[in-house]
Student: 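Take this structure first; my questions come after.
Note that the structure is a prediction, hence the values are computed from the model and not measured.
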Amino acid sequence: MYGAIDRKWHVFQHYTKHAAPVKFSSLTGRIAGKSTDSWEIHYEALARSRAGEDIIMLSVGQESDQPTDGRIVEQAVQSLRSGRHHYTPVQGELALRKAIAARHFELTGQSASEDHCAVFSGAQNALFAVSQCVLEHGDEVILVEPYYSTYPATFSCSGATLASIRPGSNLQMDPEAITGAITDNTRAIVVNSPNNPIGSVYTREQFEPIVKACIDRKIWLISDEVYLEMLAPEDRASPAGLPGADEICVTVSSLSKSHRMTGWRVGWAVGPRELMEHLYNLSLCMIYGLPPFIMDAATLALQMDSNIAEIVRESMNRRRKIAVDSLSGLPNVHVLEASGGMFAVLDVRNSGIGSMEFTRRLLDQYRVSLLPCDGSGDSGEGLVRISLAVEDGLFEEACRRIRAFVLSLFELRTAN
């Protein structure tokens, strides 16, 4: 009996060993590459930190030492206890969409109703969903460098071709370069202000020619505004608020940064009503609605009187100054000027090593985890992103370690 089973097993192994491998879709190639490789340092550092090593994590944009406001947490708890844990409307609860529309108007100046809003499990999910509904094979999408590392996969998943536009002076967005890159195949332009990774803040004047070109050429303008609320009101600018933007602009945002809710996974898209109908159809077969207790908490977060975003902004600005003061005057590296977001960026292009090797050796030798910007386009190579989202004392210690590492590189280089 066992001999027969053994013979069958050997035959099975023979055929499976020599059979053609199962195939994967071409999508798998579009979601891989530098943009995913850049996160290897972060996940290794995270694993080593959990194993007990003294590692300072500055490779991700979340205030891990700061909890979500207790009122928001309690709203979720009470919602659960009241039985709010069943299916929900696919496009999002009505109360939440109304709250999103109100906050969107406050931030951008663009009037929107709940019918212009769709809720997703985070801004990343919203960006992906929008890309699936507006892009396809043969289309081109213009990305402004340096861009967030998930953008290449997010906007090429549909089969669209990416066209990257390098920044102008001071790593600022160059509207003329963007509009000059438009072709007959251009279907969308993606902008992100404040920019991740470098923190550049774009102005109304920079957006105006881009909006006009999109209106004239019938091109989608996708605006990632996750960090916008963290700016002072007088510094905020959104293309959505410009005349004529209603039919071509899609605004994506979330509560992750402004309300210390990264793990809650609540984001949204605001745009033309017809697009919202297509996003509904996609959500129906993709996520089928968010948990109701999460959306109840998100609704309260948007409605309650809160200065969380202002507190976060002050913390980021304070640590950005610490980074500039601590890391200025170092040989062959310098901190880039920025005014928004949750990061400082170190330019290591003259250090003698690339940003991937820089972050690898910094982690191994000085136990600080930073994110290389190689996955942010050609202009990101040689740049290293430093999260500002840890408490001041720990951040100061991280800067001391980074400084010591840079000096050790200089000493080694001059010795050779």
Student: Measure across Pro272 and Glu247 and return the closest heavy-atom pair with its distance rounded to 0.1 Å.
Tutor: CG-O, 3.6 Å
Student: For Ser408 and Phe405, indicate whether the former's side chain and the latter's backbone hold a donor-acceptor pair under 3.5 Å.
Tutor: yes
Student: For Glu208, what residues pass the side-chain hydrogen bond (donor to acceptor under 3.5 Å, both in side chains) criterion, not counting sequence neighbours?
Tutor: Arg204
Student: Main chain of Ala213, side chain of Thr179: is a donor-acceptor contact present, judged purely on distance under 3.5 Å?
Tutor: no
Student: Can you tell me if Glu176 has over 12 outside heavy atoms packed within less than 6.0 Å of its CD?
Tutor: no
Student: What's the verdict on salt bridge (Lys or Arg N to Asp or Glu O under 4.0 Å) for Arg84 and Glu93, showing C-alpha distance, side-chain angles and the deciding distance?
Tutor: CA-CA 12 Å; Arg84 294 274 292 155; Glu93 293 281 6; 3.1 Å; yes
Student: Rounded to the nearest 0.5 Å, how far apart are CD of Glu274 and CG of Leu279?
Tutor: 11.0 Å
Student: Can you name the nearest heavy-atom pair linking Arg30 to Cys157, along with the distance?
Tutor: NH2-O, 3.0 Å
Student: Could you pull out every donor-acceptor pair under 3.5 Å between side chains of residues 323-334 and any protein atom, sequence neighbours left out?
Tutor:
residue	atom	partner	partner atom	Å
Asp325	OD2	Lys321	NZ	2.8
Ser326	OG	Ile322	O	2.8
Ser328	OG	Val324	O	3.2
Ser328	OG	Asp325	O	3.4

Student: Just checking Tyr366: does its OH atom have more than 12 heavy atoms from other residues, nucleotides or ligands closer to it than 6.0 angstrom?
Tutor: yes
Student: To the nearest 0.5 Å, tell me how far Arg50 CZ sits from Ile55 CD1.
Tutor: 12.0 Å
Student: Hey, does the side chain of Gln91 reach the backbone of Val119 with a donor-acceptor pair shorter than 3.5 angstrom?
Tutor: no
Student: Does the pair Leu409 and Ile353 meet the rule for a side chain to side chain contact (heavy atoms under 4.5 Å, CB included), with working shown?
Tutor: CA-CA 9 Å; Leu409 285 179; Ile353 58 176; 3.9 Å; yes
Student: Would the distance check show the side chain of Ser283 and the main-chain N or O of Tyr280 forming a donor-acceptor pair, the cut-off being under 3.5 Å?
Tutor: no
Student: Once you round to the nearest 0.5 Å, how far does OG1 of Thr186 lie from NZ of Lys218?
Tutor: 15.0 Å
Student: May I ask you to decide whether Asp184 forms a salt bridge with Arg217, counting only side-chain N to carboxylate O separations under 4.0 Å?
Tutor: yes
Student: Restricting to non-hydrogen atoms, name the atom on Ala301 and the atom on His259 that form the minimum distance, rounded to 0.1 Å.
Tutor: O-NE2, 3.2 Å
Student: Can you see which heavy atom on Pro197 is nearest to which on Pro146, and at what distance?
Tutor: CD-O, 3.9 Å
Student: What closest approach, in Å, do Gly61 and Ser387 show between heavy atoms, and which atom pair accounts for it?
Tutor: CA-OG, 4.2 Å
Student: Yes or no on side chain to side chain contact (heavy atoms under 4.5 Å, CB included) for Ile165 and Leu143, after CA distance, side-chain angles and deciding distance?
Tutor: CA-CA 6 Å; Ile165 305 300; Leu143 303 182; over 6 Å; no
Student: Taking 4.0 angstrom as the limit, do Glu277 and Arg273 come out as a salt bridge?
Tutor: no
Student: Under a 3.5 Å distance rule, please check whether Gln206 uses its side chain to pair with a backbone N or O of Met173 as donor and acceptor.
Tutor: yes
Student: Given the rule in the side-chain hydrogen bond (donor to acceptor under 3.5 Å, both in side chains) test, do Glu140 and Thr183 qualify, once you have shown the distances and angles that lead to the verdict?
Tutor: CA-CA 8 Å; Glu140 292 177 353; Thr183 71; 2.7 Å; yes
Student: Are Glu229 and Arg236 ion-paired here, with the side-chain N under 4.0 Å from a carboxylate O?
Tutor: no
Student: Within the 3.5 Å criterion, strictly below it, is a donor on Ser253 or Trp268 matched to an acceptor on the partner's side chain?
Tutor: no
Student: Step by step, would you call Ser254 with Val226 a side chain to side chain contact (heavy atoms under 4.5 Å, CB included)?
Tutor: CA-CA 6 Å; Ser254 80; Val226 167; 4.1 Å; yes
Student: Counting N and O atoms only, with roles assigned by atom type, does the side chain of Asp139 sit under 3.5 Å from a partner on the main chain of Glu136, one being a donor and the other an acceptor?
Tutor: yes
Student: Less than 3.5 Å apart, any donor N or O on the side chain of Ser200 or Asn195 sitting next to an acceptor on the other?
Tutor: no
Student: My understanding is that only residues two or more places apart in sequence, or in another chain, count here; which of them pass side chain to side chain contact (heavy atoms under 4.5 Å, CB included) with Asn317?
Tutor: Arg313, Arg320
Student: Looking only at atom types and distance, does a side-chain atom of Ser376 sit under 3.5 Å from a main-chain N or O of Tyr147, one as donor and one as acceptor?
Tutor: yes
Student: Would you compute the distance between atom CG of Leu394 and atom CG of Leu58 and round it to the nearest 0.5 angstrom?
Tutor: 7.0 Å
Student: Taking the six-membered ring for Trp, are Phe120 and Phe128 ring centroids under 6.0 Å apart?
Tutor: no
Student: Any chance the side chains of Arg265 and Asn125 put a donor and an acceptor closer than 3.5 Å?
Tutor: no
Student: Is there a donor-acceptor pair closer than 3.5 Å between any side-chain N or O of Thr359 and the backbone N or O of Leu371?
Tutor: no
Student: Between Arg97 and Glu114, is the closest basic N to carboxylate O distance under 4.0 Å?
Tutor: no
Student: Glu106 and Arg103: salt bridge (Lys or Arg N to Asp or Glu O under 4.0 Å), yes or no, with the steps?
Tutor: CA-CA 5 Å; Glu106 177 187 345; Arg103 180 57 55 90; 3.3 Å; yes
Student: With rounding to the nearest 0.5 angstrom, report the CG to CG distance, Leu383 to Leu171.
Tutor: 6.5 Å
Student: Regarding Thr108 and Ser238, do their side chains bring together a donor and an acceptor under 3.5 Å, going by distance alone?
Tutor: no
Student: Given side chain to side chain contact (heavy atoms under 4.5 Å, CB included), test Tyr151 with Ser156 step by step and report yes or no.
Tutor: CA-CA 8 Å; Tyr151 282 7; Ser156 69; over 6 Å; no
Student: State which residues pass salt bridge (charged side-chain N to carboxylate O under 4.0 Å, His left out) with Asp246; sequence neighbours excluded, sorted by chain then number.
Tutor: none
Student: Decide whether Thr154 and Gln124 meet the rule of one side-chain donor and one side-chain acceptor closer than 3.5 Å.
Tutor: yes
Student: Could Asp69 and Arg260 be called an ion pair, given the rule that one side-chain N must be under 4.0 Å from one carboxylate O?
Tutor: no
Student: Should Arg400 and Glu397 count as an ion pair when the cut-off is N to O under 4.0 Å?
Tutor: yes
Student: Can you sort out the partners of His42 under ring-ring contact (aromatic ring centres under 6.0 Å, His included), two or more places apart, ordered by chain and number?
Tutor: Trp39
Student: Does a salt bridge link Arg360 with Glu357, judged by any charged N lying under 4.0 Å from a carboxylate O?
Tutor: no
Student: Does the distance from a Lys or Arg side-chain N to an Asp or Glu carboxylate O, for Arg318 and Glu314, drop under 4.0 Å?
Tutor: no
Student: Does a side-chain heavy-atom distance below 4.5 Å link Ile198 with Phe343?
Tutor: no
Student: Considering only residues two or more places apart or on different chains, which pairs with a residue in residues 71-118 satisfy ring-ring contact (aromatic ring centres under 6.0 Å, His included)?
Tutor: Tyr87-Tyr288
Student: Is the count of non-hydrogen atoms from other residues, nucleotides or ligands lying under 6.0 Å from Asp54 atom CG greater than 12?
Tutor: yes
Student: Minimum heavy-atom separation for Ala389 to Asp65, with atom names?
Tutor: O-OD1, 3.8 Å
Student: When you measure from the side chain of Arg385 to the backbone of Ser59, do you find a donor-acceptor pair of N or O atoms at a distance under 3.5 Å?
Tutor: yes
Student: With distance as the sole test, does Arg401 use its side chain to make a donor-acceptor pair with the main-chain N or O of Arg367 at under 3.5 Å?
Tutor: yes
